[in-house]
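So that we are looking at the same thing, I have put the structure below in C-alpha cells.
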Amino acid sequence: MSTIPKAYDPRAVEEKWYDFWVKQGCFTADPARVGPGRPAYSIVIPPPNVTGMLHMGHVLNNTIQDILARKARMDGKEVLWLPGTDHAGIATQVQVEKALLREEGKTRYDLGREAFLQRVWAWKEKHGGIIIQQLKKLGCSCDWTRERFTLDEDYSRCVQKAFVHLYRKGLIYRGHRMVNWCPASLTALSDEEVEMKPQKGALYYFRVLVVEPDGTPWRAEGPPAVPPEAAATELPEGAFPGPEQDEQGRTWLTIATTRPETIPGDTGVAVHPRDPRYAHLIGKHVLRPLAPELPVEQRIMPIVGDEHVEFEFGTGVLKVTPAHDKADFEIGQRHGLPAVDIMNPDGTMNALAGEKLAGLDRFEARRVAVEQLREAGVFVREEPYEHNVGFSQRAGVPIEPRLSEQWFLRYPAVKQARECVLPPVEDGGAAPGEPPPGRMRFHPDRWVKTYLHWLDNLQDWCISRQLWWGHRIPVWYSEGHGKLRRRLVVPELTGRELPGRNIKELRRAAMEYAARHGILGQSFLNLDTGQPITVHKSSLEHGFSHFGVANVKLVPALPALIRHAVRVATEPHRPPTPQVLAVETYLAALRLGDQLFRVKFRVKVFPSNLRLYDHQTVLLWREEKGEPDGAKSPEVRAPKDPTSRPASGSALRLADLVEDVNRDPAFTRCQFDCPGPGWEQDPDVLDTWFSSWLWPFATMGWTGDPEQDARNATLQTFYPTSDLVTGPDIIFFWVARMIMAGYEFMGELPFRNVYFTGIIRDKQGRKMSKTLGNSPDPLDLIAKYGADALRFGTMRSAPLGQDVLFDEKDVELGRNFCNKLWNACRFRQLQAGEVEAEIRPELLSSDDRWILLRLDRAIRELDAAFAGYRFNEATATLYRFFWSEFCDWYLEAAKAALYGEDPARKANTLAVLDFVLAHILRLFHPFLPFITEELWQSLGYAKDLPPDQGGLTIMNARWPKPFDEDFKAHYGLDETAAELAEAKYDLVSRGRNLRRELNLPPSRKLDFVLKPAGRLEAHEAEVIRLLLNAGSLRVDGDWQPPRGTPAVLSPKLGELYLPLEGVIDPAKEAARLRRDLEKIEAEVGKLEQRLADPKFAERAPARVIEEHRGRLAELQARREQIGGILASLEG
RNA sequence: GCGCGCUUAGCUCAGUGGUAGAGCACAUCCUUCACACGGAUGGGGUCGUAGGUUCAAGUCCUGCAGCGCGCACCA
C-alpha cells in the first residue's frame, strides 16, 4: 500500500481513470445485458453545437446527466447516455462566413454552394468535437461509441424521412406568408428565434392630406357626419384633438410612427371605427407624403376603419404598411390593402421606396425619410420613445417582417403532447417517483404551465432557412415544362397589381385592358371548356367568367386568399395563346360566414402583369349543422377567418382541403434523391431544430421502416429514454417538439422525466455572456481546482429549477471538500491494519453506533433527494454527513481507540471506519467520480468484490441501501444507542466553549474533572478527554470542587469541572451560570405555557407533545444542575 | 396587460406547519502526529409588508410593495 500525498492533486488522477473507464468499456451500453433483473436506463444529451465551446451552462447540465447516469449504473441498471452534437445551421454558417470574409475578403456567393460547404466541413473537422473533449474532461460517462452528429449520413436520412412523411400527410406545405426575416443572415426565422428587446427610439409625427379618390384635396362640407356609435365614445383626457383644417379648408391627419422609412410601403391609413374624431373620414383617402416623384394616383391610399387601432395611442391614426409589419399585414388583409415590399432581403431599401431612399440601409433611410418629411413641410415633431423590437436571436439585428415563400409545418401529435404531461402536484408535495406509463413529469412542475400555454397558441412552424449549412429540403422541381420557373418565386400578388377590389372594379379594369390591348373582337379559348370564344364588350360585361370571376361573393376575399393559398402549378396556357403568359393554379380553404369552401382558382397572367382570376369552389362544411357537409374528414373545422393562418393543432387537415402540387409528380416531387435529369432540388435547408426534434430516436438508428426498427436492439431497449436534462429556454425549441416527434414517429413519448436546470448567472445575477466577459472557462476551472471540485461546487449551488449565481468560491469549496475527503482516507491508510475486517457488534462503541446511524440517515436523505431530482440537497447531505458528522466527530472520537492499547477495539474501529468510508465513497461517486475511484482503488475496497459489483471500478459498485431492521438489530443500532454519543459531543462543545471563554489557549493542556451522573466506561471518558484536548480527565463522583470552579453540565453525563488555580472568580462564574440559567428559564417558560394550553394538548399530535415534554424535561434537569452549583457558589 | 418565480444572517442561498440553518465573509485563538484546501470558539436574523387560517406559520391562504424571468404586444 503506497502512502497518499498530503494534498489531493486532481491532475494526477483524472486523466488516468477516464482513460481506464473508456478502455474497459464502462460507458458502453449493451442492450443484450438488459433483462428482468437489469432494467434499461437512458438519457440523450442535449446536443451542443458542434463548433461550440463548453460553458458553465453545459457544466451544470452535463454534470446532472452524469450524476443520473452513474447513479443508475450503481443501481444496477444498463445505462445508455447517448452523446452527440448538432450542426447549428445559422451559428456555424455565420462563423465560417466571417472567417472567410476576414481571411480572404470573400462571401459565400463568391465560392459557390459546393465550395462553401466544403469550407464549413473543414471548419467542423477543425473546431468540431472540441466540446466533446471538454465533456470528457468533466468526467461525462457518455457512450462515445454511439456518438452522433445531426449531419451524419444516417441522421440526415432520418430528417429526410421525417420531412417526406409529414409532407405526404399534408402537414408540410409551402406558403407565401409574413415571416420573421433576418436581414443579416438573409434567412427566415421561426417565431421562437425572435427575441423582443426594449429599444430606445423615437415617435415621429407627420401630417397627411385627406384627398378625394382623384387626388384633389377633400373639403369638409358642414359639420362632420360622425356615426352615432362613434359619437358616443368617450375619449380619454389629453387625447389627440383629431384632424386639422388649414386656411385653405384642406383637412390633415397627423400620424405617429416609429418607422418613417416604411412610409413608401404604406397602402392605407387606419382609424378606429368608433373614434369620434375620425370615424366620418373612413372611406376617404389620403396622399402618401413620400416618393413624391410618383404620379398622384399611385400615392393615394384609403382610410379604413379597423378595431385593431387604439385611439388612446399616438394620434389615433395608424399608417398601414402590410409588407413590413405583421399587424399591418392583417389589417391589410381585412381591407384588401396591397402589400408593397419596399426592401431588399438585406434590409436596404429597394426602388419601390422611392428615389431618395432606394439603396439606403433601413436605419439610414429612417433619417432620410424624416428629412424628406421636413422638406415636404409635413413633419410635425419627434419625441423619444421606448418600445419593443424583435431581434434575431443569432445575428442580434432587428428582424424585418417580410412576405416570402417558405415551408411550414403544421405541428403533429399536438393532442398527445398536451395530454402526456402530468399536471403540477397541487399541495406542495414532492412529486412521487416514476410517472405512470405513458405519462411524463416535468421537474420543477411549474414549467408545465408554460409548456401548455405555448401549445395552446401554436402557429405553424416556419422550417425553411435560406442557408447552405444544413439538411437540404428533399423536394425536387422539374424544369422541363415550358415556362415553369425553376424556383417558383411568387410574384407579389398584391392588390396594387390587382385591377380592382370588387367585381365592379375588376370589370372596369378588364374592359380598359381589353380596349388598350386590342383584345376586343378577338377570339380566345375558354380555359375551362376549351371552346373558342370571341370577346365582345357585352361578353365582358355579362360573361365575366370567361376572364374572371363567377361568384361575386368571393371576389373581395380573393387577393387576400391568394397569399394564403398553396400554389400547385404554373403552366403555359394550353393551347398556347399569345395573350396569356401562364396559368397558375392555387388551392386554399376559405371561410365565408358559416361555410367553409375549398377553393381552387386559376390566375391567368397577361403580358402587362395583369392577372385575372377564375375559381371553383366546393362547400366542405356548414356551421349550423355542426356536421361536415361534403367533407372528407369529420374532423374538419373552419379557421376563424379566411386570412388568418390556420392554427396548428386544430383538427383541420390541410391534406383534406388541398391536393398538394407535390403529389403531382409532373412538377414537384418530395423524395430522398433526385428523380432524374431536369430536376433540381429546393435550394433551402431545414431549421436545425427540425433535425434535433428527432434526436431521441434518430440517434438510436431509427429508420422509419417498421421491420428494420423492430430489429434494432438499441432502439427497442432504450427508447423511450428515462430522463431529459435541459434548460427551460429551449422548452419550445426542443422539448415540446421532441415530444410531438416522439408520438408522430415512434408512437410513444420520448422521455419519462424532464429536468429543467436553472440559468447560470454571475455573482451580480447577470446572464453569462461572451461580451460581458463574465463567463469563466470551465476548463480553466478544471485545471485550477479539478473536475470533481467544479462538479461539486456547481451542484451545491444549484437548487432545483432556480437560477444559479455562479461564484468561483463555489468551486474552491468543492476543491476543499475533495481535499478533505482525500485526507480522511489518508488518515485511514496511515492506520494500516486489515482492510474491511468483520465488524463485531459487541465491541461497538457509542461513537461507532452513532456514525452508523448517521450513515443510515444520510443514505435515506440521499435517496429522497434523488427521487425528487434535488441534487443540491444531496450535496448538502453529503457535506453535512461527511464533514460535520464523520470528520468532525467520529474520526476524532475514533482516535481514542486507534491510539489506545486495546487491539481488538482498535481493529473493530478500523472495520467500522472502512465500512463507513466504503459507503461514503460510493455515495459520493456520482458527484465526484475521479477522486472516489482513486480512493476506492488505493484503499483496497475493490479487492474482494466481483468485477461487475465494484471489483473493477467503483462505477459498478452497488449503491448503498438504508439499513434494514435485521442489520440494525444485529449491531444494536437504535436511537438510544446514539444518545450517549450525542451527550458526549454536547458536553465536549460546552467544555471547549468554557476553555474559550476563559481565554485558555489550546496549547495549554488542561485537566478536567467529571462528576458523572451514572456509570461511565473508561473508553467513553477517554473519548471525552481526547475531544476536549485535555491533559487529563478525572472521573470522580465524590469530587468536591473548590468554590467557584467553572463547570458545564450535561443532564445525562453529569458535571464537567475545570479546576484552575488563579483564574477562579466565584462572582464571575456565578454571573456566567446565571446567564445560562436565564436562557433556559425563558425556554422553559415558553414550553410550559404551550404544554399547559388545553387546546394544544387536545389537538397537537402525540408525537409533537412527546417532543415538547422531552425537551422540557431536559431543560428542567439542566436548570436544576445549574441551580445546584449556583447555590453552592453563592452559599 | 397575462403568467411564473423570488424577497430568510453582511453576501450567496437551503428550509418538507412543531427548537432559525449552511457555505462564504467577519472576530478571536491554534501550524496538536489526516487535512491551514485545516481545527476550535463566537457575534450576527421582529424570515419584504398588511391581514387571515391554525393549538402552533419562515412554511398554508389573501391583499400590497420591490426585484427578476417568460409570453403577448400600442403604430
Side-chain angles (χ1 to χ4, degrees), chain A residues 4 6-8 196 203-204 255-259 262 270 308-321 325-328 385 387-388 427-430 444 446-447 449-450 453-454 457 728-729 731-732 759 761 763 765 767 785 789 793 796-797 799 801-807 809-810 812-831 864 868 870 872-873 876 879-880 884 887-888 891-892 895 899 989 992-997 999-1003 1005 1029 1083 1086-1087 1090 1093-1101 1103-1105 1107-1108 1111 1115:
Chain A
I4 318 183
K6 202 167 167 181
Y8 173 56
M196 300 304 268
L203 209 47
Y204 303 90
I255 301 177
T257 181
T258 55
R259 301 196 63 190
T262 64
H308 171 80
V309 181
E310 302 205 9
F311 32 71
E312 293 88 352
F313 190 89
T315 64
V317 186
L318 170 66
K319 74 185 201 59
V320 182
T321 326
D325 184 284
K326 270 188 184 171
D328 285 10
Y385 183 62
H387 62 132
N388 282 336
D427 23 20
R446 65 187 140 86
W447 289 108
K449 206 162 186 172
T450 309
H453 181 257
W454 184 76
N457 295 283
D729 46 336
I731 185 168
F732 312 135
I759 293 167
R761 301 170 181 282
K763 264 191 288 190
K767 259 191 185 175
Y785 300 104
R796 197 180 154 280
S797 54
Q802 296 292 342
D803 286 357
V804 182
L805 298 199
F806 179 81
D807 188 341
K809 287 261 189 236
D810 294 329
E812 201 179 310
L813 177 118
R815 178 201 56 183
N816 296 351
F817 190 80
C818 290
N819 193 56
K820 188 80 175 174
L821 182 61
W822 183 259
N823 275 290
C825 292
R826 179 167 180 259
F827 172 76
R828 164 64 189 94
Q829 204 174 39
L830 293 173
Q831 303 309 312
R870 295 185 300 269
N872 72 313
E873 277 185 34
Y879 196 103
R880 188 210 63 226
S884 307
C887 290
D888 285 353
L891 224 50
E892 296 304 324
K895 287 175 182 172
Y899 299 156
S989 289
R992 286 169 176 174
N993 173 268
L994 197 60
R995 176 197 274 269
R996 192 76 190 87
E997 278 194 11
N999 271 324
L1000 303 167
S1003 53
K1005 289 286 175 193
N1029 190 26
E1083 192 62 27
K1086 265 203 289 194
L1087 282 168
R1090 184 173 290 180
D1093 186 345
K1095 282 183 184 165
F1096 177 76
E1098 190 184 321
R1099 302 196 192 175
R1103 177 184 57 84
V1104 172
I1105 295 174
E1107 243 174 51
H1108 279 68
R1111 213 158 65 229
L1115 285 168

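Worth knowing before you read on, the calculation uses all heavy atoms, side chains too, and leaves out hydrogens, waters and symmetry mates. Quick note on labels: first sequence line is chain A, next is B, and so on, each numbered from 1.
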Legend entry - Protein-nucleotide distance (A:Arg1103, atom CZ; B:rA56, atom P), rounded to Å: 17 Å
Inset, instruction - For nucleotides 34-40 of chain B, just jot down a letter per nucleotide in 5' to 3' order: B, S or -, based on protein non-hydrogen atoms under 4.0 Å. - result: BBSBSSB
Legend entry - Side-chain (A:Asn823) to main-chain (A:Lys6) donor-acceptor, under 3.5 angstrom: yes
Inset, instruction - Could you check A:Ser989 against A:Asp1093 and say which one's nearest nucleotide on RNA chain B is further toward the 5' end? - result: A:Ser989
Inset, instruction - Starting at atom CD1 of A:Ile731, determine the distance to atom C1' of B:rC71, rounded to an integer number of angstrom. - result: 12 Å
Legend entry - Spacing of CZ belonging to A:Arg815 relative to CG belonging to A:Asn819, to within rounding of 0.5 Å: 7.5 Å
Inset, instruction - Indicate yes or no for a side-chain donor-acceptor contact from A:His453 to the backbone of A:Lys449 under 3.5 Å, with no hydrogens or angles considered. - result: no
Legend entry - side-chain contact (heavy atoms from CB on, under 4.5 Å) partners for A:Asp328, two or more places apart: A:Leu318, A:Val320, A:Thr321, A:Asp325, A:Ile331
Legend entry - B:rC2 phosphate, OP1 or OP2, under 4.0 Å from A:His453 side-chain N/O: no
Legend entry - Residues A:Lys1095, A:Glu1098: salt bridge by 4.0 Å N-O rule: no
Inset, instruction - Could I get the full list of ring pair (Phe, Tyr, Trp, His ring centres under 6.0 Å) partners for A:Phe732, not counting sequence neighbours? - result: A:Trp454
Inset, instruction - Both distances under 3.5 Å, Watson-Crick or G-U wobble: on that basis, could you give the dot-bracket string for RNA chain B, with [ ] for crossing pairs and | for other-strand partners? - result: ((((((((.[[[[.)..(..]]]].(((((.......))))).....[[[[[..)....]]]]])))))))....
Inset, instruction - Give one of base, sugar-phosphate or nothing for A:Pro1101, where a contact means two heavy atoms less than 4.0 Å apart. - result: base
Legend entry - Close side-chain approach of A:Phe1096 to A:His1108, heavy-atom, < 4.5 Å: yes
Inset, instruction - Pick out which of A:Asn872, A:Asp807, A:Leu813, A:Asp810 makes a side-chain contact (heavy atoms from CB on, under 4.5 Å) with A:Ser797. - result: A:Asp810
Legend entry - Length of the line joining A:Ile1105:CD1 and B:rU19:P, which is rounded to integer Å: 15 Å
Legend entry - Integer-rounded Å distance: B:rU53 C1' and A:Lys1095 NZ: 13 Å
Legend entry - Candidate nucleotides B:rA75, B:rC24, B:rC4, ranked by approach to the side chain of A:Lys809 - the nearest: B:rC24
Inset, instruction - Scan A:Ala1100 against the nucleic acid and name what it touches under 4.0 Å (heavy atoms): base, sugar-phosphate only, or nothing. - result: base
Inset, instruction - Give a yes/no verdict on a cation-pi contact between A:Lys820 and A:Tyr879, requiring under 6.0 Å between NZ or CZ and the six-membered ring centre and an angle within 45° of the axis. - result: no
Legend entry - Sugar-phosphate only, base, or nothing, as touched by A:Leu318 at under 4.0 Å among non-hydrogen atoms: base
Inset, instruction - Could you give the distance separating B:rC61 and B:rU7 at their P atoms, to the nearest angstrom? - result: 14 Å
Legend entry - ring pair (Phe, Tyr, Trp, His ring centres under 6.0 Å) partners for A:Tyr899, two or more places apart: none
Inset, instruction - Pick the P atom in B:rU46 and in B:rA9, then give their distance to the nearest Å. - result: 9 Å
Inset, instruction - For B:rG45 and B:rC71, measure between their C1' atoms and round to the nearest Å. - result: 38 Å
Inset, instruction - With C1' as the reference atom in both, quote the distance from B:rU49 to B:rC11 in angstrom, rounded to an integer. - result: 23 Å
Inset, instruction - For A:Ala864, report the nucleic acid contact type (base, sugar-phosphate, nothing); a contact means any heavy atom under 4.0 Å. - result: nothing
Inset, instruction - Could I get the full list of ring pair (Phe, Tyr, Trp, His ring centres under 6.0 Å) partners for A:His387, not counting sequence neighbours? - result: A:Tyr385
Inset, instruction - Kindly point out which of B:rG3, B:rA75, B:rA14 is positioned nearest to the side chain of A:Asn872? - result: B:rA14
Inset, instruction - Find the distance A:Asp328:CG to B:rA75:C1' and express it as a whole number of Å. - result: 7 Å
Legend entry - Rounded distance in Å between the P positions of B:rC26 and B:rC64: 42 Å
Inset, instruction - Have a look at A:Glu873 and say if it touches a base, only the backbone sugar-phosphate, or nothing, with a 4.0 Å heavy-atom cut-off. - result: base
Legend entry - Closest-nucleotide 5' rank along RNA chain B - winner of A:Glu997 and A:Tyr385: A:Glu997
Legend entry - Atom P, compared across B:rU32 and B:rG39: separation rounded to whole Å: 15 Å
Inset, instruction - Measure from OH on A:Tyr879 to C1' on B:rA22 and round the result to the nearest Å. - result: 9 Å
Legend entry - Spacing of the C1' atoms in B:rA57 and B:rC47 (rounded, Å): 11 Å
Legend entry - Selected nucleotide, minimal atom distance to A:Arg1090 side chain, candidates B:rG18, B:rA75, B:rG5: B:rG18
Legend entry - Nearest-angstrom distance from the residue atom CE of A:Met196 to P of B:rC71: 10 Å
Inset, instruction - For B:rC67 and B:rG15, measure between their P atoms and round to the nearest Å. - result: 25 Å
Inset, instruction - Give the rounded distance in Å between these two atoms: NE2 of A:His387 and P of B:rA72. - result: 17 Å
